[in-house]
Amino acid sequence: MYIISHGNREDVTDIVAETAQAIKDMRVRGAGRIARAGASAMGAFAEGYKGVSIEQFRNDAGAAAKTILASRPTAVSLRNGVLYSVRGLDGASTLKEAVDSVVRDSAEFVESSSHAVERIAEVGAQTVRDGDVILTHCNSNAAVGVIKRANAEKKNIKVYATETRPWRQGLITSRELAEAGVDVTLIVDGAVRSVMGKVDRVFVGADTVASDGSLYNKVGTSQIALAANELGKEFSVCTETYKFSPLTLRGEPVIIEERGREEVASESDVPPSVKVFNPVFDRTPAKYISSYITENGIIHPGAVFGEMLRLFGTGRSKE
Ligand code: RI2
């Protein structure tokens, strides 16, 4: 479930704070899901708004957007979903118009983003050959969608799913695939290179795609890309285009989230003198990526820059 139940909440700021907290705690996770949750919280915020002036609404909506965006820093999908929801605020001339625009645009984002995931499944499944052995990492709704679709099309596939320490999202992936009748084998992260010889291709998701064609995704992705590259295996990224980052068009770096030590080792596992480094994502350079599978079709990493210009302009204009 990616949408927090807002029930009949009176206080719209609570809805926003609760959503931000759920994203931070990873009760809602996955780059697409957090984007939909963020957009949906903005819609609920607008729907329940009790203020009386448009200026105040603009300020309050800006503060709400900031709260949601502060929850997790890496996936640009969250930012794109929230900004899409408030894109009509500047052009509105009454409070009602402003509220209606946020309600409408947040719903539009949620719908179009779900539709994008379905379209990626169709596009990606067409690239899967009968008998392919696929490796996937973490739990990407988009990548799992492609695999499930290829399986439903009777492509006779086999899948290796990595455990994905420390949150073990690979358990979710292997459960989802097994429930869909896919032949799936769970492996520990360190076994990737041991199985790569048997793998035909890799499908992963994306948290952010940068304008140089590089990928920011779950930590470990870049090692998998290296292992795939070593043996000449295809490495494809299943991603909605709202994971493309307009910020990178103007040279802004992607911030890689670091989370707490307790996610890696408890106090009884190691003494406090042991330092723990827990980066959540890593960067895979464009040269290791065969293709981006998007709702708009298949894009070579070298063509990402052009696609971003088409989608966002130069990235310099006000968003
Ligand atoms: P979808 C996840 O992040 C993983 O990095 C995954 O590859 C990515 O989001 C994309 O997932 P986390 O929230 O949007 O588990 O394809 O840290 O579902």
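For E111, the CD atom is loosely surrounded, since the number of other residues' heavy atoms within 6.0 Å does not exceed 12. For E176, the CD atom sits in a packed shell: over 12 heavy atoms of surrounding residues, nucleotides or ligands are nearer than 6.0 Å. Heavy-atom neighbours of R261 CZ from other residues, nucleotides or ligands within 6.0 Å: above the threshold of 12.
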CA sep, side-chain torsions, deciding dist, call: E234, R201, salt bridge (Lys or Arg N to Asp or Glu O under 4.0 Å): CA-CA 5 Å; E234 273 175 71; R201 55 185 314 169; 3.4 Å; yes
Candidate pair R168 and E263, rule salt bridge (Lys or Arg N to Asp or Glu O under 4.0 Å), full reasoning: CA-CA 11 Å; R168 308 182 83 198; E263 292 185 353; over 6 Å; no
Working for salt bridge (Lys or Arg N to Asp or Glu O under 4.0 Å), residues E118 and R149: CA-CA 9 Å; E118 285 163 26; R149 174 88 184 210; over 6 Å; no
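Salt bridge E179/R175: absent, no basic N to carboxylate O contact under 4.0 Å. Salt bridge absent: D130 and K155 never bring a charged side-chain N and a carboxylate O closer than 4.0 Å. Under 4.0 Å is where a charged nitrogen must lie from a carboxylate oxygen, and between R283 and D207 no such pair does.
Once rounded to the nearest 0.5 Å, the distance linking OG1 of T162 with CD of Q223 reads 11.0 Å. Atoms OG and CD1, on S85 and I68 in that order, are 8.0 Å from each other to the nearest 0.5 Å. The CG atom of D60 sits 3.5 Å away from atom OH of Y49, with the distance rounded to the nearest 0.5 Å. A distance of 11.5 Å separates CE in M26 from OG in S71, rounded to the nearest 0.5 Å. Separating the CG atom in D105 from the CE atom in M42 is a distance of 11.0 Å, to the nearest 0.5 Å. Between atom OG1 of residue T67 and atom CD of residue E18 there is a gap of 13.0 Å, rounded to the nearest 0.5 Å.
With hydrogens and angles left out, the side-chain atoms of E258 and N278 include no donor and acceptor closer than 3.5 Å. Defined by atom type and a distance below 3.5 Å, a donor-acceptor pair is missing between the side-chain atoms of T294 and N296. Between the side chains of D269 and S266, at least one donor-acceptor pair of N or O atoms lies under 3.5 Å.
Linking ILVMFWY side-chain heavy atoms closer than 4.5 Å, directly or via other members, places I224 and V159 in two distinct hydrophobic clusters. The hydrophobic cluster containing V237 also contains V199, counting ILVMFWY residues as joined when their side-chain heavy atoms lie under 4.5 angstrom apart, directly or transitively.
Annotation: Y84 is not in aromatic contact with Y242 [ring centroid separation under 6.0 Å not met].
N139 and R33 make their closest contact through OD1-NH1, 3.9 Å (heavy atoms, listed as atom of the first residue, atom of the second, distance).
Among residues two or more places apart in sequence or in another chain, the salt bridge (Lys or Arg N to Asp or Glu O under 4.0 Å) test is passed with R165 by none.
Panel note: side chain T94, backbone E97; a donor-acceptor pair is recorded below 3.5 Å.
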